Amino acid sequence: MHEQYQPREIEAAAQSLWDAQKSFEVREQPGKDTFYCLSMFPYPSGKLHMGHVRNYTIGDVIARYQRMQGKNVLQPMGWDAFGMPAENAAMKNQVAPAKWTYENIAYMKSQLKSLGLGIDWSREVTTCKPDYYRWEQWLFTRLFEKGVIYRKNGTVNWDPVDQTVLANEQVIDGRGWRSGALVEKREIPMYYFRITAYAEELLQSLDELTGWPEQVKTMQRNWIGKSFGADIVFDYDEASVGEAGQLKVYSTRPDTLMGATYVAVAAEHPLAQRAAANNPELQAFIAECKAGSVAEADMATMEKKGLATGQFVVHPLTGALLPVFVANYVLWGYGEGAVMAVPAHDERDFEFANKYGLPIKPVYKKIFIKDQPRGERNPEDQEEHVDPAQWQEWYAWKEHLVTINSGKYNDLYFDGAFDAIVADLEAGDHGARKTQFRLRDWGISRQRYWGCPIPIVHCDSCGDVPVPEDQLPVTLPEDVVPDGAGSPLAKMPEFYECSCPKCGKPAKRETDTMDTFVESSWYYARYASPTYEQGMVDPQAANHWLPVDQYIGGIEHAILHLLYARFFHKLMRDEGLVSSNEPFKNLLTQGMVVAETYYRPLANGGKDWFNPADVEVERDAKAKVIGAKLKSDGLPVEIGGTEKMSKSKNNGVDPQAMIDAYGADTCRLFMMFAAPPELSLEWSDAGVEGASRFLRRVWRLAQSHVSAGLPGALDTGSLNDAQKEIRRAIHLAIKQASQDVGQHHKFNTAIAQVMTLMNVLEKAKAESEQDRALLQEGLETVALLLAPITPHICHALWEALGKDGLIIDAAWPAVDESALVQDTLTLVVQVNGKLRGEIQVPAAASREEVEATARANENVLRFTEGLAIRKVIVVPGKLVNIVAN
RNA sequence: GCCUGGGUGGUGAAAUGGUAUACACAGCGGACUUAAACUCCGCCGCCGCUAAAACGGCAUACGGGUUCGAGUCCCGUCCCAGGCACCA
């Protein structure tokens with residue numbers, strides 16, 4: 001064993017041994033428990049960033065821990081290789097996206113290997129390769145024939161200068177990112193996955209996902225957004241509209257229909273179009289509604305504007321005429337493209353009504369009633385105006401709402417009003433109860449080059465014809481450099497000119513590609529049989545490994561990716577490819593990696609961002625940060641706060657520099673120790689130094705222990721008190737680290753336990769053979785507990801400690817409960833909840849004995865003097881609280 | 001705007017409703033060293049009292065509430081972050 005800790009040599013040796021022995025290549029082993037540990041695969045953007053390192057370290061720790069539990073562990077890796085950044089890089093550097101992507105993959109793969117991840121590289125999957133996407137195209141054609149995929153118009157951001165469709169990200173303050181032109185909304189035909197047909201199941205089966213964070217399930221539930229309401233039909237007022245007809249709206253609040261004072265329609269709605277025909281003002285407003293991006297955040301934060309059409313519709317219950325407005329916040333393509341407005345009970349409608357002087361008619365009032373089942377009015381009910389202070393004391397009185405100003409529907413609670421009004425609408429054929437979802441069908445057409453071609457041929461005679469299986473894949477040419485104006489494929493006759501698979505006549509191939517979320521929706525299943533050529537997945541292999549036991553990835557994927565993957569799994573299930581209902585049994589969502597930002601304001605109002613590595617932080621005597629200056633010129637810079645590491649803020653720290661300087665183990669240890677996985681992690685150079693220091697301490701202790709020769713076996717029956725304390729520390733660490741790693745994935749506290757154990761072991765005597773045998777047990781424990789986190793150093797320690805076999809094949813240590821037993825316990829004593837002293841009691845002491853000892857405590861007597869003791873609360877093993885006044 | 005989280009020392013953080021600040025980092029003091037690095041030892045929330053301690057008071061974003069006891073549960077407010085369907 002070398003005297004100094006030399007991470008470079010140790011890590012290279014361990015990694016080449018694992019490589020040579022194919023230690024992490026797995027195959028199906030019937031009868032052995034499987035554990036499929038999956039981290040979200042990276043987009044090959046160039047080099048690894050800190051988020052990747054964190055994500056894959058967490059996954060690797062879990063995978064290695066499960067292996068030590070005796071499981072057959074599958075941990076694969078691949079590349080989410082299609083996407084926009086490759087096209088942007090291509091335009092900037094005049095390189096084809098394919099070349100750029102493959103070079104990035106090669107470099108990032110070498111980086112991942114240097115981290116020492118226990119990955120089965122024989123299963124590597126790359127989504128931009130035809131042997132992967134051909135199966136995506138195959139499934140597409142099956143689903144198209146089944147009607148799960150269909151074509152309709154959708155709204156996109158249109159850059160009128162570049163003549164191209166823009167992603168939401170490419171629209172900055174309503175303008176195209178390259179041209180600077182004002183963006184418009186435009187309708188184009190697109191293909192859609194009918195995800196809404198699975199809305200109910202996607203909602204219901206969230207309940208089965210007991211291994212998912214509640215937070216993520218709540219977000220998905222709200223996203224799917226099941227609501228109970230009614231369609232409500234308003235007849236056109238023929239005099240003002242000029243023709244007969246009906247306007248349909250959906251509302252979750254038909255109970256407030258009596259308070260509706262106007263209706264609002266989208267700019268594209270037929271009523272709006274008709275009214276605009278000879279109304280230039282309305283035409284201008286409709287044009288204005290088309291400006292801006294399609295992003296919902298933009299729509300929701302923009303100023304709510306509207307314009308009266310001069311048209312009216314008839315209230316289905318009262319016969320009153322309600323004015324029809326065109327409003328920019330009503331979206332065509334969401335529901336009916338029209339809403340009824342109840343200003344008294346909806347904040348947005350209230351604001352709008354005030355702005356345009358529309359009537360506001362309340363149909364509910366507050367009452368306070370004695371708490372009892374809803375629907376039963378109590379003769380003692382209080383009408384409004386109960387003093388809130390008084391009300392809080394009368395806890396039995398609860399606030400409820402009952403209808404007013406609603407004619408025959410007066411004096412009802414929500415349910416009663418809802419039912420009565422919907423019943424009348426149904427009877428009058430002007431509405432119907434309806435359950436609706438907020439979830440919309442998934443539009444997957446992209447007018448881009450670097451994506452999976454949509455396998456459809458457009459034939460003048462036969463319509464949209466899916467490409468037959470024997471003509472798949474539709475291969476994407478890999479030597480194209482896009483120019484940012486429209487889709488390159490649409491300008492390549494050699495790509496789109498073809499003949500109809502049905503009738504053989506000349507036809508045109510679809511030139512749109514698929515949303516890259518499609519590839520990432522099923523890669524986890526392909527890993528089970530990555531080279532299978534007879535189908536999308538080998539059902540036998542897929543069912544052996546799936547569902548994924550542990551999925552790990554960023555919280556930013558809580559909705560879209562995770563919902564699409566769940567949807568795809570159900571599609572594959574319904575194709576007979578997999579037998580499970582859900583793809584991911586347990587989910588761990590990691591927080592972001594953030595770092596401080598530094599900048600200097602520029603004359604043009606912008607900011608010049610400096611990398612933390614180039615900045616020197618100034619502190620006061622108490623080490624509080626008081627300023628920062630640039631290392632190169634020594635002049636001050638502004639501190640911009642901690643943010644997600646990004647190119648735009650120039651606060652990224654390259655993980656490679658850390659790996660090169662300290663080694664993979666230090667890097668992994670720091671990442672796991674700095675914060676629990678779910679929290680965001682702040683970058684700290686000093687923290688890395690600390691992690692490195694700890695590993696050197698472990699190495700030094702092991703080295704001095706081993707250099708004196710390995711001791712004989714430990715005799716646990718003849719330990720002195722000091723040795724018992726040390727052995728207790730060893731097994732306490734095992735117990736707590738096992739819980740932290742195995743159950744809660746709190747690697748930071750598990751590491752803290754091992755650090756505490758190291759503090760004990762370093763102070764332990766190493767004189768007698770028994771001392772040294774105990775130290776041997778302690779060091780073996782440290783190596784085993786750290787093995788998943790810092791696998792290289794532990795690999796070397798295991799060998800140095802004279803153990804047979806590799807530590808990757810060793811079992812996770814077991815707790816010896818007898819080592820944890822204590823004779824006396826320390827309890828704290830409180831008086832009225834305030835800490836007043838400590839007492840020592842025998843572990844077996846009765847409640848009475850504990851109470852008596854507590855009451856006899858000097859400080860307790862001081863604080864209870866002159867007071868009557870009302871109550872004594874004894875929490876076994878913890879504390880005594882004496883209540884006195 | 002809507003949905004979901006978060007806010008604890010100088011910093012990262014810890015705490016099944018039961019001793020708030022474990023474990024680290026930074027800082028300060030000391031030992032070792034020709035010197036430095038490494039390493040080791042000690043101190044380290046704020047305030048009061050004190051020669052020093054003992055001791056006491058106050059602190060978990062802010063304001064209320066429930067409880068013998070609240071960082072943790074409930075109500076309200078503020079701030080920060082993630083997502084919002086074409087970034088991945």
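Just so it is clear, the structure is predicted and the values come from calculations on it, not from any experiment. Chain naming here is simple, since letters A, B, ... match the order of the sequence lines and numbering starts at 1 in each.
The two residues Tyr329(A) and Ala264(A) make their nearest non-hydrogen contact at OH-CB, 4.2 Å. Residues Leu209(A) and Lys217(A) approach most closely at O-NZ, 2.9 Å, considering heavy atoms.
Of the residues near RNA chain B, Gln753(A) and Ala674(A), the one whose nearest nucleotide (by heavy atom distance) lies more toward the 5' end is Ala674(A). Nearer to the 5' terminus of RNA chain B, by closest-nucleotide assignment, is the contact made by Pro676(A) (compared with the other of Glu556(A) and Pro676(A)).
OP1 or OP2 of U4(B) sits under 4.0 Å from a side-chain N or O of Asn222(A). Under 4.0 angstrom from either OP1 or OP2 of A85(B) there lies no side-chain N or O belonging to Arg440(A). Distances shown here put every side-chain N or O of Arg186(A) at or beyond 4.0 Å from the OP1 or OP2 atom of C86(B). For Asn157(A), no side-chain nitrogen or oxygen approaches OP1 or OP2 of C86(B) to under 4.0 Å. Between Arg221(A) and U4(B) there is no side-chain polar atom (N or O) within less than 4.0 angstrom of OP1 or OP2. Dashed line: the shortest gap from a side-chain N or O of Thr516(A) to OP1 or OP2 of A88(B) is under 4.0 Å. Taking 4.0 angstrom as the limit, Arg696(A) places a side-chain polar atom (N or O) nearer than this to OP1 or OP2 of U39(B). OP1 or OP2 of A14(B) has at least one side-chain nitrogen or oxygen of Asn748(A) nearer than 4.0 Å. Within the 4.0 Å cut-off from OP1 or OP2 of A15(B), at least one side-chain nitrogen or oxygen of Lys746(A) is found.
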Polar atom pairs between nucleotides 52-55 of chain B and protein, under 3.5 Å, N or O only, would you list them?
from: C55(B); atom 1: O3'; to: Arg862(A); atom 2: NH2; distance (Å): 3.3

Provide a list of protein-nucleic acid N or O atom pairs under 3.5 angstrom, restricted to nucleotides 18-20 of chain B.
from: G18(B); atom 1: N2; to: Asn881(A); atom 2: ND2; distance (Å): 3.3

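Checking G1(B) for Watson-Crick or G-U wobble geometry (two distances, each under 3.5 Å) identifies C84(B) as its partner. Base pairing analysis places G48(B) opposite C55(B); the two distances defining the Watson-Crick or G-U wobble pair are each below 3.5 Å. Pairing of C40(B), defined by two Watson-Crick or G-U wobble distances under 3.5 Å, is identified with G30(B). Nucleotide A24(B) forms a pair with U11(B), judged by Watson-Crick or G-U wobble geometry with both contacts under 3.5 Å. Base pairing annotation: A61(B) forms a Watson-Crick or G-U wobble pair with U77(B), both donor-acceptor distances under 3.5 Å. Across all strands shown, G17(B) forms no Watson-Crick or G-U wobble pair with both key distances under 3.5 Å.
Within 6.0 Å of CZ in Arg697(A) there are more than 12 heavy atoms belonging to other residues, nucleotides or ligands. Applying the 6.0 Å contact sphere to CD of Gln743(A) captures more than 12 heavy atoms from other residues, nucleotides or ligands.
As rounded to the nearest Å, U8(B) and U60(B) have C1' atoms that lie 4 Å from one another. G71(B) and A61(B) have their C1' atoms separated by 12 Å, given to the nearest Å. Nucleotides C68(B) and U77(B) have their C1' atoms positioned 30 Å apart, rounded to a whole Å.
Annotation: the span from Phe568(A) atom CZ to Tyr198(A) atom OH amounts to 11.0 Å, rounded to 0.5 Å.
For the side-chain hydrogen bond (donor to acceptor under 3.5 Å, both in side chains) test with Gln840(A), the passing option among Thr826(A), Thr853(A), Thr824(A) is Thr826(A); the others fail.
Put simply, the side chain of Gln447(A) reaches to within 4.5 Å of the side chain of Ile188(A), judged on heavy atoms.
Here Arg448(A) does not pair with Glu87(A) in a salt bridge; the nearest charged N to carboxylate O distance is not below 4.0 Å. A salt bridge is defined here as a Lys NZ or Arg NE, NH1 or NH2 lying under 4.0 Å from an Asp or Glu carboxylate O, and Glu351(A) with Lys355(A) fails to meet this definition.
Here Phe670(A) and Tyr662(A) keep their ring centres 6.0 angstrom or further from each other.
Remark: the backbone N or O of Arg446(A) is not paired with any side-chain donor or acceptor of Asp515(A) at under 3.5 angstrom.
In G9(B) the O4'-C1'-N dihedral to the base is within 90° of 0, which defines a syn nucleotide.
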